[in-house]
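Everything on this sheet refers to the single structure shown next.
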Amino acid sequence: MTQVNNPATPANTTTTPVKIILIDDEPLARMIVREYLQSYPQIEIVQECSDGFEGIKAIQQLHPDLIFLDIQMPKINGFEMLELVEQPPAVIFTTAFDEYAIRAFETHAVDYLLKPFNKERFDKALRKWLDQRAAKTTNAPSRSTNTPNPTTQSPSSKQDQQTHTPPADPTMALLETAAQSPTQQQRIVVKTGGKIKIIPLEDIHYLEAADDYVKIHTHSGAFLKNRTMSYFEQTLDPTQFVRTHRSYILNISQVTRIDPYEKDSHLCILQSGAQVPVSKAGYVKLKQVLGL
Amino acid sequence: MAKSPLSTAKFLLIFISWWAIWAILQISLLIGFGLPLSTAITDSLVSNTLVALCCGFISNNMQYYLPKKERYWYILFISLGLSGIILLACKAILVPLLNDHIGTLTGGGLPGSGTTPGIPGPTTDTGSVLPGTSGIPRTGGGILPTLDYSQFFSRSWAVRYDIVFLQVGCMSILSVLWYSTEEEHENRQRRNDAERLSKEAELFKLRQQLAPHFLFNSLNSISALIGSQPEQARKMIQQLSDFLRNNLKKEEQQWVPLSEELQYLELYLDIEKVRFGHRLSTQITCEEECLGLRLPPMLLQPIVENAIKFGLYDTTDAVTITIQARKVEGSYVRIDVTNPFDPETSRPKKGTGFGLSSIQRRLYLLFARPDLLETHIDNNLFTTTVKIPQQQ
């Protein structure tokens, strides 16, 4: 390893190597990142992955400091992969063209590289992260995140209308914005046991609040996802999914019957036989969507 | 603005013929009533010329003003009014011109009571004689009234007015019909033009839907190759340029042979193979007799692009895209594009499939048929079938 002219690192960097994982389905796209990284001797590429499944596994086994992540990948995209990783590492996104992704990056100040990118741009992104990391290690050591406090960012207008507060974690905020892209609105990706399950939206019967999670009831059982009800209320198609109750969102194509239940409230009977409570306000919304 | 019917040689000729026939008929009618030949000719020529001028005026006038709502009342009133004017003008011209002239001619006959309108004479007529009997000088009548021309004119004005009114009315109706049809024709033309333009614009847009994702990723691949494999990078730049050039130049009307379209497709597939490496393989089969068949340019590439997109992004394994072209009955070329997909996680809608609506739309605009694009699911294989009718 030759200590060549290295613009990115201060002379006294930490001796432990920086661990990096590259996740991109195109071999040449990984190759160019690898090539650019050659001038950073303190950085070690611990693994290269060609899809999100490999990515999750590698992140959980190798605990990298930083990942380079493509968005459009087979089966699950970069955002969906990130959702499934507990304690995601720092991320620099690499993508060619995706207006939703770019909007997500811009509103949430995560660094991203638009393909094709040159060495200067690459160095800038990496140096920014290395500097932040250096600053963090000198202060109180904590889990490394690559973004500063998102104080100046405004959440998307859709969130403004809602009563809930935007998530404090910038990665979560990023993922929420990205989730408005059309591809991600057709499915929900969950992790069940060690496996990853992709649920097409048609398969969903209803969603139920469960503490910090949302329980997704489908044809093939129920799955937990660590999201809020408001998140789903905002990202799911409002002509298909109605929040009928504080703790329930239902898929209207599953409804077979609506029965009165106690005073002011109703009960929705689904095709599966499940009974979903409908509040007074929820009933108004439901009638509107069903065109009654 | 619509052209006047009289500006067309054919119609002008018809108009003149009509005019001549009317004039000759009138001459013979007048002679039948006993007018001398020269008087009859003068009378006929003057009155018919006035009618002709009036008809020209009407037809020209309607070029600028065509009544919309009350058009039949308009025709009636303008015909009545103009006929009156023509008659007055006829009188003003003919009576001074022919009065002494006719005097000498009628003066040759027996002097009689020119004031008895009911009795016809062999030389002059007062209008009560049936036209069918005219032309043959009456011999049985005892009294031959002598009329000067002015009296003759006064007595015949109702018939004259009738005839002129019919002529002018006829011309008015014809003009209205002519201009209405002409206007409708123009409107239809304009509508057709507008439709054609918007159709062309839409087709152009549908054709130009080059995925930016493809372009930027290809450029990124080239960027990666430049360092280690400059030759390969240069080759890919060449392929990408050829692809883009093809994409830009094609006109909708210029159908291309299948062989050319398949070459273009291979160019595209070569680029994609560099991007995706060993994950993507393709298999193209085409019957020999199909190579010369023609189809609209760049129809297959978006279908294959769609197949690659859903083949590659819906599974993590290696993917084979098959493209099969053959000729089917009723002179169609049928092309099947097959890609694998995961039925667990995606539900391609039957009919239009994944991202095929723009191709569907394009085929509809080109052939006005919604049934040329079909999709078919067989286990984990998704097949897109397109049929292109062959122009005879």
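Order of the sequence lines sets the chain letters (A, B, ...), proteins ahead of strands, with each chain counted from 1.
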**Prompt:** Would you say B:Tyr313 and A:Asp25 make side-chain contact, with heavy atoms under 4.5 Å?
**Reply:**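 A side-chain contact under 4.5 Å exists here.
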**Request:** State, with a plain yes or no, whether a side-chain heavy atom of A:Pro74 is found less than 4.5 Å away from one of B:Arg279.
**Result:**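 Side chain of A:Pro74 against side chain of B:Arg279, heavy atoms only: contact under 4.5 Å found.
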So with a 6.0 Å cut-off around [atom1] of [X], is the heavy-atom count from everything else above 12?
X	atom1	result
A:Lys191	NZ	yes
A:Lys215	NZ	no
B:Lys309	NZ	no
B:Phe367	CZ	yes
B:Arg234	CZ	no

**Message:** For B:Leu219, which atoms come within 4.5 Å of any heavy atom of chain A: side chain, backbone, both, or neither?
**Reply:** both
**Complete:** Turns out that what part of B:Thr315 lies under 4.5 Å from chain A's heavy atoms comes down to backbone
**Prompt:** Side chain, backbone, both or neither: which part of A:Glu35 has a non-hydrogen atom closer than 4.5 Å to chain B?
**Reply:**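 When you check distances to chain B, only side chain atoms of A:Glu35 fall under 4.5 Å.
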**Request:** Measure distances from A:Glu54 to the heavy atoms of chain B and classify the residue's part below 4.5 Å as side chain, backbone, both or neither.
**Result:**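 Looking at A:Glu54, nothing touches chain B.
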Enter the distance from [X]:[atom1] to [Y]:[atom2] here, rounded to the nearest 0.5 Å.
X	Y	atom1	atom2	value
A:Asp70	B:Asn217	CG	CG	7.0 Å
A:Glu26	B:Ser218	CD	OG	8.0 Å
B:Ile226	A:Leu28	CD1	CG	11.5 Å

**Request:** Heavy-atom pairs under 4.5 Å with chain B are the metric here; pick the option from A:Gln72, A:Arg30, A:Met31 that has the most.
**Result:**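 Greatest number of close heavy-atom pairs with chain B: A:Gln72.
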Might you point out which heavy atoms bring [X] and [Y] nearest each other, and give the distance in Å?
X	Y	value
A:Lys75	B:Asp314	CD-O, 2.9 Å
B:Ser223	A:Phe117	OG-O, 4.4 Å
A:Ala96	B:Phe216	CB-CB, 3.7 Å

